[in-house]
Amino acid sequence: MTDQQHLQTITDIKRMMERSSRFISLSGLSGVAAGICGLAGAFIAKLIFDAYYVRYNLRGGYDEADFRNLKLNLVILGLCVLLAALGSGAFFTLRRVRKMQVSVWDMSARKLLINILIPLVTGGFFIAGLIYNHADVLVAPTSLIFYGLALINASKYTLSDVRYLGLCEIVVGLINLFFLRKGLYFWAIGFGVLHIVYGILMWWKYERKLTL
Amino acid sequence: MNPIGNLNKIFESRIRLGVMSILMVNEEVNFNDLKQMLEVTDGNLASHLNTLEENGYLKVHKGFIGRKTNTTYAITPAGEKAFKGHLAALEHMIKFTR
């Protein structure tokens, strides 16, 4: 065997180790798409809030039914944003997977999904509990913090850069804890701006050369 | 010392080397996942896995998911040692033959 062959063998080993343990086809554009959904969602939420306060002032006081209605609208909006973000995110990642000609649903994808879902589902139930107990102001910071933890957990099974996005989400969530009624702005930063910035950075780092 | 002597004959096959690489970074992997990742046929993979098992490099665990068999493979300490030795020999050769 020649040197060239030995080097090739070592490269093969590294590739096998990486491909079997990390899902590396996540596209940066998925992040950008999710971020845009987040920002759009925050904007619509702002409109809903503004309309609520207009009614509040006209009425000159609090109304139980109207407040419940506001909550319901926001929860529905949140779920729609989540679906749109996941859908558009999946679209760009699938597109990249097809380009790279690897299989999407392999061991690494399964591991990534399980490990991101554990903290995320925990967070989801925690937030449902917060809403149930009327601790609404805590919803925004809690979702940011659990999302950040989920990303950090997931970073072991995908691009390690995801870890930094996770850390940023946690920081934004923790700051939000001290500015409780400004949750919408922190959400816009955490789910909108951070995703877009992260997505562009990742696209620049890993995909730019492949596309050009 | 002849450095080529340190290269493990068993790892000359790319498929066996692939199996070991995957098992070094994953605690337990089942037959189908190995097959998918290495892009080989059932029979081919099975015979390579047999060789590795006979040499004491693999632990085999036969289980069931419902009625279907689910055989998983894990690396043994001896396998880990052999693989690391093989890697070191490869690196050594690259370094000292220039």
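Chain naming here is simple, since letters A, B, ... match the order of the sequence lines and numbering starts at 1 in each. FYI, side chains are in, hydrogens and waters are out, and symmetry mates aren't considered; it's all heavy atoms of this structure. Everything numeric in this text was worked out from a predicted model, so none of it was measured.
- Note on ring orientation: taking the six-membered ring where Trp is involved, the planes of A/F186 and A/F179 are parallel (angle under 30°, cut-offs 30° and 60°).
- Counting heavy atoms from C-beta on, the side chains of B/F31 and B/L49 come closer than 4.5 Å.
- Between A/G190 and A/E169 the shortest heavy-atom distance is O-OE2, 2.8 Å.
- The shortest non-hydrogen separation linking A/M17 to B/V25 is O-CG2, 3.4 Å.
- Within the 4.5 angstrom heavy-atom criterion, atoms from both the backbone and the side chain of A/D106 approach chain B.
- Ranked by heavy-atom pairs under 4.5 Å with chain A, the list B/E91, B/M37, B/R14 is led by B/M37.
- The distance between the ring centers of A/Y147 and A/F191 falls below 6.0 angstrom.
- Neither the backbone nor the side chain of A/R15 comes within less than 4.5 Å of any heavy atom of chain B.
- Of the atoms belonging to B/L17, it is side-chain heavy atoms, and not backbone ones, that fall under 4.5 Å from chain A.
- Ranked by non-hydrogen atom pairs under 4.5 Å with chain B, the options A/M107, A/E18, A/R19, A/M16 are led by A/M107.
- Of the listed residues (A/K14, A/Q4, A/R110), the one with the most heavy-atom contacts under 4.5 Å to chain B is A/R110.
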